[in-house]
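Before any comments, here is the structure.
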Amino acid sequence: MTEADFYIKEGNVRPALETKLIGQDGDPVDLTGSSVRFQMKEVGGDSTLVDNDANIVDATEAIVSYVWERGDTDDPGTYIAEFQVDYDGSTTFEVDEEFPNSEYITIEIEETIGDTS
């Protein structure tokens, strides 16, 4: 089994997932004026389980984060995720590029001991 890039416990909403978006040339992409979304689905799954706005922490350094919402981490398992960028930041989000450019971010939601309610 491949080691995950990010671990979080079932039902938790912290810590946020933060990363730097690196282009094909190996440099951070400039996110000035852009909007970013975060998408996640279960490995082998057909449907997207999370599709929400992400935060741009530093536009010129391409640092983004996703703050988990209640329900995002309710089901333990292995997931794949990506950040999608709309460079013109329009109100109608159109994907211009996905990050990472190859493969995915692997997220492991680990089961908790006891009741999570």
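Just the heavy atoms: all of them, side chains too, but no hydrogens, waters or symmetry mates, feed the values below.
- Hydrophobic clustering (side-chain heavy atoms under 4.5 Å, transitive across Ile, Leu, Val, Met, Phe, Trp, Tyr) keeps Phe93 apart from Val64.
- Annotation for Val36 and Val85: closest pair CG2-CG2, 4.2 Å, computed over non-hydrogen atoms.
- Between the CD1 atom of Ile105 and the CG atom of Asp5 there is a distance of 7.0 Å, given to the nearest 0.5 Å.
- Results of the side-chain hydrogen bond (donor to acceptor under 3.5 Å, both in side chains) test with Tyr66 over Thr19, Asn55, Asp72 single out Asp72 as the only residue that passes.
- The closest side-chain heavy-atom distance from Val50 to Thr48 is not below 4.5 Å.
- A side-chain donor-acceptor contact under 3.5 Å links Thr73 to the backbone of Asn12.
- Minimum heavy-atom separation, Ile107 to Ala81: CD1-CB, 3.7 Å.
- With Arg37 contributing its side chain and Ala54 its backbone, the two residues share no donor-acceptor pair below 3.5 Å.
- A continuous path of Ile, Leu, Val, Met, Phe, Trp and Tyr side chains, each step under 4.5 Å between heavy atoms, connects Phe6 with Tyr79, placing both in one hydrophobic cluster.
- Counting heavy atoms from C-beta outward, Glu10 and Asp75 have side chains that stay 4.5 Å or more apart.
- The minimum heavy-atom distance between Pro76 and Glu110, with the atom names listed, is CB-C, 4.4 Å.
- No side-chain heavy atom of Pro100 sits less than 4.5 Å from a side-chain heavy atom of Ile22.
- Side-chain contact check for Tyr87 and Glu97: at least one donor-acceptor pair (N or O, by modelled atom type) lies under 3.5 Å.
- A 4.5 Å side-chain heavy-atom check between Ile80 and Met40 finds every atom pair outside the cut-off.
- Between the CD atom in Glu103 and the CD atom in Glu82 there is a gap of 12.5 Å [rounded to 0.5 Å].
- In this pair, Phe38 and Phe83 present their aromatic rings tilted. The plane angle is within the 30 to 60° band.
- Ala4 and Glu108 make their closest contact through CB-CB, 3.8 Å (heavy atoms, listed as atom of the first residue, atom of the second, distance).
- Interatomic distance, Ile63 CD1 to Lys20 NZ, rounded to the nearest 0.5 Å: 5.0 Å.
- Taking both residues in full, the closest heavy atoms of Ile8 and Arg14 are given as CD1-O, 3.8 Å, listed atom of the first, atom of the second, then distance.
- Put simply, the side chain of Gln84 never gets that close to the backbone of Glu98: no donor and acceptor are under 3.5 Å apart.
- A donor-acceptor pair is defined here as one N or O able to donate and one able to accept, closer than 3.5 Å; such a pair exists between the side chain of Trp68 and the backbone of Pro15.
- Separation of atoms CG (Leu31) and CD1 (Ile56) is listed at 5.0 Å; rounding is to 0.5 Å.
- There is no path of hydrophobic side-chain contacts, each under 4.5 Å, that joins Val43 to Ile109.
- Taking CZ of Phe99 as the start and CG of Leu21 as the end, the distance is 5.5 Å to the nearest 0.5 Å.
- Between Arg70 and Gly11, the shortest heavy-atom distance links the atoms NH1-O, 3.3 Å.
- Checking side-chain atoms of Asp96 against main-chain N and O of Asp86 turns up no donor-acceptor pair under 3.5 Å.
- Within 6.0 Å of the CD atom in Glu111, the count of heavy atoms belonging to other residues, nucleotides or ligands does not exceed 12.
- Looking only at distances, no side-chain donor or acceptor of Asp51 sits under 3.5 Å from a matching main-chain atom of Gln39.
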request  = Decide yes or no on side chain to side chain contact (heavy atoms under 4.5 Å, CB included) for Glu69 and Val13, but give the supporting numbers first.
outcome  = CA-CA 6 Å; Glu69 295 182 3; Val13 293; 6.0 Å; no
